[in-house]
Engineer: 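Have a look at this one.
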Amino acid sequence: MESNMVGWFEIPVVNMERAKKFYETVFNITISVHELDGLIMGWFPSATGKSGAMGSLVKHDLYIPSDTKGPVLYFSCKDLSNELNRVGGAGGAILRSKKEIGEGHGFMALVKDTEGNRIALHSQN
């Protein structure tokens, strides 16, 4: 394979400003909002030439948040405890606290964002 299989991801949102604030606060990043063909998109920052997929928050009638259905996106962190500590203050909820995956695969946690989406955090520490 020439690249990782996931090339882009989209996270459904109901309120773009609220979702943007949540992700910016938890991950200490800046998200830029754009409108494209009826979609309101909040683009996550990207690092050209680096590993990992790029993605966006998306507000549209066809995009419905869920904390029980659909895929789970894992966000890579240096130490997920840092991001996990910011979840509550950003309006989200911790669904599963930091847990060791085992066999040297690091740690994970599950989080519910302000829109009702289930996401995961992953780190080696």
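Basis for what follows: all heavy atoms, side chains included, without hydrogens, waters or symmetry-related copies.
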Engineer: Is there side-chain contact between Asn117 and Asp67, with heavy atoms separated by less than 4.5 Å?
Structural biologist: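 No. Closest side-chain heavy atoms not under 4.5 Å.
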Engineer: Might you point out which heavy atoms bring Val111 and Leu121 nearest each other, and give the distance in Å?
Structural biologist: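 Heavy atoms of Val111 and Leu121 come nearest at CG2-CD1, 4.0 Å.
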Engineer: Does Lys20 have more than 12 heavy atoms from other residues, nucleotides or ligands lying within 6.0 Å of its NZ?
Structural biologist: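 Atom NZ in Lys20 is crowded, with more than 12 foreign heavy atoms closer than 6.0 Å.
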Engineer: For Arg86, I'd like to know if atom CZ has over 12 heavy atoms of other residues, nucleotides or ligands within 6.0 Å.
Structural biologist: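 Yes, CZ of Arg86 has more than 12 neighbouring heavy atoms, counting only those of other groups under 6.0 Å.
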Engineer: Give, for atom CD of Glu115 and atom OG of Ser66, the distance between the pair rounded to the nearest 0.5 Å.
Structural biologist: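 It is 13.0 Å, given to the nearest 0.5 Å.
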Engineer: Tell me whether the rings of Phe27 and Tyr23 are parallel (<30°), tilted (30 to 60°) or perpendicular (>60°).
Structural biologist: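 Answer is parallel, since the angle falls under 30°.
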Engineer: Answer yes or no: are there more than 12 heavy-atom neighbours, outside Lys98 itself, under 6.0 Å from its atom NZ?
Structural biologist: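 Yes - once you tally the heavy atoms of other residues, nucleotides and ligands closer than 6.0 Å, there are more than 12.
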Engineer: Would a 4.5 Å heavy-atom cut-off, applied to side chains only, mark Pro45 and Thr30 as touching?
Structural biologist: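 SC-SC contact between Pro45 and Thr30 ruled out.
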Engineer: Can Arg18 and Asp113 be counted as an ion pair, charged N to O under 4.0 angstrom?
Structural biologist: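 A salt bridge is absent here (no side-chain N lies under 4.0 Å from a carboxylate O).
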Engineer: Mind checking the CE-NZ spacing from Met16 to Lys21? Nearest 0.5 Å is all I need.
Structural biologist: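 Output value for this atom pair is 16.0 Å.
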Engineer: Any side-chain heavy-atom pair from Tyr74 and Met108 closer than 4.5 angstrom?
Structural biologist: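 Yes, side chains in contact.
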Engineer: Assign the ring pair Phe9 / Phe75 to parallel, tilted or perpendicular, where the plane angle (0 to 90°) is split at 30° and 60°.
Structural biologist: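 Answer is perpendicular, since the angle exceeds 60°.
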Engineer: Might you point out which heavy atoms bring Ile31 and Gly42 nearest each other, and give the distance in Å?
Structural biologist: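 Closest approach of Ile31 to Gly42: CG2-C, 3.3 Å.
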Engineer: What are the two closest heavy atoms between His122 and Gly106, and how far apart are they?
Structural biologist: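 Heavy-atom minimum between the residues: NE2-CA, 4.3 Å.
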